[in-house]
Amino acid sequence: MTSHVRHITIDCADPYALGTFWSRVLGAPLADDDFPGDPEALLETPGAAILFVRNDDPKAVKNRVHLDVQPQDRSRDEEVERLLALGATLVGDHRRPNGRGWATLADPEGNEFCVECSAAERAALTGTRLPVTADDVTTAVRLAVDALAGAPADRWEAPAGGLTWTCWETAEHLSDDLFAYAVQLGPRTPPLDGEVPYRWAPERQGGPYNAVFADRAAGPAGLLATLEASGALLASMVRTTPPEVRSYHGFGISDPEGFAAMGVVETLVHTHDLAEGLGLAWAPPAALCDRVLARLFPGAPAGGDRWTVLLWATGRAGLPDHPRRTVWRWDGRPPADQTASSAG
C-alpha cells in the first residue's frame with residue numbers, strides 16, 4: 001500500500017478569513033464547523049483538502065510549495081481579474097502575447113499561487129481535442145435532472161419520443177446505463193471480454209433490460225434521485241480511475257474518458273427522448289455536445305449546431321446534405337487505438 005495526500009496545509013494568521021478567500025476562489029465550502037476565530041479551517045476540494053492552520057510567525061520568503069489553479073468555465077485572464085477583485089494581488093505576470101504563460105498572484109496573506117490557462121485555451125493553443133471529464137458527467141446529469149424535475153406527474157407513462165419505452169422506463173434505463181458504465185471500471189482488473197456480471201432483466205416484455213430499477217412508490221422525485229446517484233457513481237469512477245485502465249464495451253474496449261463520454265451522450269439524447277414525451281424543452285450546451293462528438297463520433301460533421309449534429313449522429317434528427325441515420329454506433333476506443341486501427 002502507498003500513502004495519499006490527505007491535506008495541503010497552509011500556515012496563516014487568520015485561518016477562517018483566508019479559508020473564506022480560497023472558498024471563493026475554488027467554489028468549495030468551508031467545513032460546517034469552522035467559524036471566525038477558530039485555529040483551523042478546512043476546505044474540501046477534489047483530490048485533496050486544504051487545511052488552514054493558525055501560525056503567528058510572519059511570512060518571510062517566497063513559498064517553496066504553491067498551488068496552480070486552472071479556471072473551469074472562463075479564460076485565464078478572466079479568472080485573474082476575478083481573483084484580483086476577491087482580494088488577491090498580482091506578483092508576477094508571465095503571460096505571453098501568443099496566449100501561453102501564467103500569472104502569479106498572492107492571496108490576502110501573501111501566499112503565492114499561479115493561474116494557468118484553462119483546458120479549452122490549452123486545447124486551442126496545442127490543436128488538441130478537449131477531453132470529456134468527470135465534471136462533464138456531473139454537469140450533464142444535473143442539467144437533465146433539473147429539466148426533468150419540471151415534468152407533469154401524470155406524463156411519466158407516456159412514450160419517450162420515438163422509443164417504445166415509457167418515460168419512466170427510459171429514465172430507469174438511463175440510470176442503469178450510468179451505473180453500468182461506472183461498474184465496468186470498478187474491478188481491480190476490469191473485464192476486457194464482457195460486462196461485469198450483474199443480472200439485467202426487463203420488468204415487462206419489451207421493456208429495457210436493467211439492473212437498476214426505481215421504487216415506483218417514491219414517485220418521479222425518487223426516480224430522478226436514482227438518476228442523479230448513478231451519475232455520481234460514474235463521475236466518481238471516471239475521476240479516480242487511472243487513464244491507462246481499459247474495460248469492455250460492446251462498441252469497443254474503452255478508457256475512463258470514453259465511459260464518461262458514453263454517459264454524457266446517453267444522458268443528453270435520452271433526456272431529449274424524455275423531453276419529447278414529457279412536453280419539456282431541452283437544449284444542452286453546445287460545448288459539451290462538441291466534446292463528446294469529438295471523442296465518440298470523430299467522423300461527424302465539424303460544422304453546424306453541435307446539438308443538432310449529436311442528434312443526427314444518434315439517429316434522432318436529420319442534417320442537411322447528410323442521410324438520416326437509421327443505424328448508428330459510436331467508437332468507444334481510445335483515440336490512439338482508433339488511429340492505430342485505421343493505420344493498420
Side-chain angles (χ1 to χ4, degrees), residues 1-96 99-122 125 131 133-139 142 232 235-243:
M1 296 294 290
T2 59
S3 296
H4 296 276
V5 175
R6 183 180 179 189
H7 297 143
I8 298 170
T9 301
I10 298 177
D11 290 346
C12 56
D14 189 335
Y16 187 83
L18 192 59
T20 298
F21 167 80
W22 278 100
S23 174
R24 293 169 178 163
V25 171
L26 301 175
L30 287 173
D32 292 339
D33 55 354
D34 286 331
F35 299 98
D38 285 354
E40 296 181 355
L42 180 65
L43 184 63
E44 295 281 0
T45 62
I50 304 176
L51 180 64
F52 302 91
V53 178
R54 179 179 294 146
N55 188 317
D56 294 330
D57 296 333
K59 182 179 183 295
V61 298
K62 181 182 181 297
N63 291 6
R64 293 293 298 273
V65 177
H66 69 269
L67 303 179
D68 290 337
V69 301
Q70 183 181 56
Q72 301 300 298
D73 57 356
R74 56 178 63 88
S75 71
R76 173 200 59 196
D77 293 350
E78 290 169 337
E79 182 70 344
V80 168
E81 294 305 313
R82 184 180 79 90
L83 301 185
L84 291 175
L86 289 179
T89 54
L90 182 65
V91 175
D93 197 335
H94 308 284
R95 291 174 285 186
R96 303 173 190 169
R100 298 177 183 270
W102 68 95
T104 301
L105 278 61
D107 69 21
E109 291 206 12
N111 300 298
E112 298 90 357
F113 64 98
C114 294
V115 182
E116 300 184 345
C117 291
S118 68
E121 289 174 306
R122 284 181 177 272
L125 287 167
T133 67
D135 288 339
D136 287 331
V137 175
T138 300
T139 295
R142 288 181 177 175
S236 295
M237 291 306 303
V238 170
R239 183 173 287 113
T240 57
T241 301

Over 12 non-hydrogen atoms of neighbours within 6.0 angstrom of CZ in Arg24: no

Ring pair (Phe, Tyr, Trp, His ring centres under 6.0 Å) against Phe113, all qualifying residues, sequence neighbours excluded: Trp22

Approximate separation, where rounding is to 0.5 Å, of Leu83 CG and Thr89 OG1: 11.0 Å

Straight-line distance of Leu90 CG to Thr104 OG1, nearest 0.5 Å: 8.0 Å

Approximate separation, where rounding is to 0.5 Å, of Leu67 CG and Ile50 CD1: 5.0 Å

Side chain to side chain donor-acceptor pair (under 3.5 Å) partners for Ser75, two or more places apart: Glu78

Least distance between heavy atoms, Cys117 atom then Gly99 atom: SG-O, 3.3 Å

Over 12 foreign heavy atoms within 6.0 Å of CG, Asp68: yes

Nearest-0.5 Å distance that lies between atom OH in Tyr16 and atom CG in Asp38: 9.0 Å

Sub-4.5 Å side-chain heavy-atom contact between Arg239 and Asp135: yes

Which atom of Leu43 lies closest to which atom of Pro29, heavy atoms considered: CD1-O, 3.4 Å

Residue pair Leu51 / Arg6, side-chain heavy-atom distance below 4.5 Å: no

Nearest non-hydrogen partners of Pro71 and Ser118, listed with the distance: O-CB, 3.5 Å

Beyond-backbone contact of Arg100 with Leu125, side-chain heavy atoms, under 4.5 angstrom: yes

Any side-chain heavy-atom pair of Arg95 and Asp77 under 4.5 Å: yes

Which atom of Pro15 lies closest to which atom of Ala41, heavy atoms considered: O-CB, 3.5 Å

Test log, rule side chain to side chain contact (heavy atoms under 4.5 Å, CB included), inputs Gln70 and Arg122: CA-CA 10 Å; Gln70 183 181 56; Arg122 284 181 177 272; 3.5 Å; yes

From Cys12 atom SG to Asn111 atom CG, the distance as rounded to the nearest 0.5 Å: 7.5 Å

Heavy-atom side-chain contact between Ile10 and Phe52 under 4.5 Å: yes

Ring pair (Phe, Tyr, Trp, His ring centres under 6.0 Å) contacts in which one or both residues fall within residues 73-94, not counting sequence neighbours: His94-Trp102

Closest heavy-atom pair and its distance - Val53, Glu40: CG2-CG, 4.2 Å

Heavy-atom check, side chain of Leu42 versus side chain of Leu30, under 4.5 Å: no

Under the salt bridge (Lys or Arg N to Asp or Glu O under 4.0 Å) test, residues paired with Arg142 that sit two or more places apart: none

Glu79 with Arg76: basic N within carboxylate O range, under 4.0 Å: no

Set of side chain to side chain contact (heavy atoms under 4.5 Å, CB included) partners for Pro242, sequence neighbours left out: Glu244, Val245

Pairs flagged by side-chain hydrogen bond (donor to acceptor under 3.5 Å, both in side chains) wherever residues 42-62 is involved - sequence neighbours left out: Asp11-Asn55, Lys59-Glu112

Heavy-atom side-chain contact between Leu18 and Pro108 under 4.5 Å: yes

Heavy-atom pair of closest approach, residues Val25 and Leu86: N-CD1, 4.1 Å

Pairwise side-chain contact, Val91 with Leu105, heavy-atom cut-off 4.5 Å (strictly under): no

Step-by-step side chain to side chain contact (heavy atoms under 4.5 Å, CB included) determination, Val238 to Thr133: CA-CA 7 Å; Val238 170; Thr133 67; over 6 Å; no

